[in-house]
Amino acid sequence: MSKELILEFSENDIASLLFGEYNDHLSYLEKKLDINISDRGNLLRISGDTEAVSKAQVVLQSLETRLKSKELQNITRADIDGELRFLYSGKFNKNNKRQTKESMKSKSKSSSNIIIKTKNKTIAPRSPNQQKYLENIKKYDMVFGLGPAGTGKTYLAVAAGVDMYLKGEVERLIFCRPAVEAGENLGFLPGDMKEKIDPYLRPIYDALQDMLPWDFLLKKMEIGEIEIAPLAFMRGRTLSHAFVILDEAQNATSAQMKMFLTRMGEASHMIITGDATQSDLPYNVISGLSEAINILKNIDNIGFTTFDSRDVIRHSLVRKIIHAYDDYKKGSRLE
């Protein structure tokens, strides 16, 4: 069944951001939902399948609300994808019937009250699992974020930590990774210890620089309130009043994982992120992440969030690549 709808946006500046340069955002939405959108000034005429048109209406009105509330200063294709993920997650209700436009609105991201404001930018979840992840971080002192690359596990954890630090809820931010990479050895890399470990910790530096001014970040690192270090440097410490992230935890051994988890001190929060399918440990070494999940899964007050390919917020090809590898592995097991 087809439908035609006319939407009007009262503010010129908002409409301009919403439509995108040369109507790029409208063209992208047309392609994603297989609909037609024509504009005349601030008026949009949307036509196509009834449900698709309703989805376009909810997405556009949700983004308009977020622009008006200053949650967003601009619109990107990633923001459009995020709104669509929330809608697709609620495509069917309990009776397996398609949802009405009103029920779609309840799934739109503008209804989420999880907004993180850092010094450089505002960050909000772009999928239901990302929203659950941030809710778990607020609720539990220890949280595991599990799943494939590109799902925002590390980035959102860093954002949550920066948010708590800027609000004074923790005194320190501590980020660590196992210094393990396939086919490399720290001892054979050139430079001093800092120069050797920095490449392994680069993703965390990148996330922090995205959220905090560089001079502010350098100052806090100099006085030790923000620390980025290899996992091995955590041994023997008690991490109190801190927000601590262990990234790429699938590369931690069983002994390293136990060591890290037992560093937790008073008023601390720990986030452990990783993808159990991407371990770079030797073939005969058990991943501490996989073991920890099995050991701790029944303990109260530990949150677990599992991401999948639907949560990938990188290039659309990343999602397809993950699917292709999953299908290949399933086929290999059947042979």
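Any value given below was found using the heavy atoms of this structure, including those in side chains, with hydrogens, waters and symmetry copies removed.
Checking side-chain atoms of Asp24 against main-chain N and O of Glu21 turns up no donor-acceptor pair under 3.5 Å. Side-chain atoms of Ser16 never come within 3.5 Å of backbone atoms of Asn12 as a donor-acceptor pair (strictly under, hydrogens ignored).
Remark: Leu17 engages Leu67, Asn74 in a side chain to side chain contact (heavy atoms under 4.5 Å, CB included) (not counting sequence neighbours). By the side chain to side chain contact (heavy atoms under 4.5 Å, CB included) test, Pro203 pairs with Arg177, sequence neighbours left out. In this structure, the side chain to side chain contact (heavy atoms under 4.5 Å, CB included) partners of Asn36, at least two apart in sequence or on a different chain, are Glu30, Ser47. By the salt bridge (charged side-chain N to carboxylate O under 4.0 Å, His left out) test, Lys68 is found to be paired with Glu64, residues two or more places apart in sequence or in another chain being considered. For Ser279, there are no side-chain hydrogen bond (donor to acceptor under 3.5 Å, both in side chains) partners, not counting sequence neighbours. Residues that satisfy the salt bridge (charged side-chain N to carboxylate O under 4.0 Å, His left out) test with Asp49, not counting sequence neighbours, are absent from this structure. Lys219 is linked by a salt bridge (charged side-chain N to carboxylate O under 4.0 Å, His left out) to nothing, counting only residues two or more places apart in sequence or in another chain. Residues passing the side chain to side chain contact (heavy atoms under 4.5 Å, CB included) test with Arg263, sequence neighbours excluded: Met234, Leu239, Met259, Met270. By the salt bridge (charged side-chain N to carboxylate O under 4.0 Å, His left out) test, Asp275 pairs with no residue at all, sequence neighbours left out.
Within 6.0 Å of atom NZ in Lys117, 12 or fewer heavy atoms from other residues, nucleotides or ligands are found, so the atom counts as exposed in its surroundings. The number of heavy-atom neighbours closer than 6.0 Å to CD of Glu266, taken from other residues, nucleotides and ligands shown, is 12 or below.
In this structure, Phe175 has its ring center at least 6.0 angstrom away from the ring center of Tyr205.
Closest heavy-atom contact between Arg237 and Phe233: CD-O, 3.4 Å. Minimum interatomic distance between Asn251 and Gln278 (heavy atoms only, all atoms of both residues): OD1-O, 4.1 Å.
Ion pair Lys32/Asp81 flagged as a salt bridge, since at least one NZ, NE, NH1 or NH2 atom sits closer than 4.0 Å to an Asp/Glu carboxylate oxygen.
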For residues 150-158, tabulate all N or O donor-acceptor pairs below 3.5 Å that involve a side-chain atom, not counting sequence neighbours.
unit_1: Thr151; atom_1: OG1; unit_2: Pro148; atom_2: O; d: 2.9
unit_1: Lys153; atom_1: NZ; unit_2: Gly147; atom_2: O; d: 3.1
unit_1: Lys153; atom_1: NZ; unit_2: Pro148; atom_2: O; d: 3.0
unit_1: Thr154; atom_1: OG1; unit_2: Asp247; atom_2: OD1; d: 2.5
unit_1: Thr154; atom_1: OG1; unit_2: Asp247; atom_2: OD2; d: 3.4
unit_1: Tyr155; atom_1: OH; unit_2: Lys121; atom_2: NZ; d: 3.2
unit_1: Tyr155; atom_1: OH; unit_2: Asp210; atom_2: OD2; d: 2.4

Show me the donor-acceptor pairs, under 3.5 Å and distance only, between side chains in residues 166-174 and residues at least two apart or in other chains.
unit_1: Lys167; atom_1: NZ; unit_2: Asp163; atom_2: OD2; d: 3.3
unit_1: Arg172; atom_1: NH2; unit_2: Ser240; atom_2: O; d: 3.2

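Applying the 4.5 Å side-chain rule to ILVMFWY residues, one finds Ile6 in the same cluster as Leu43.
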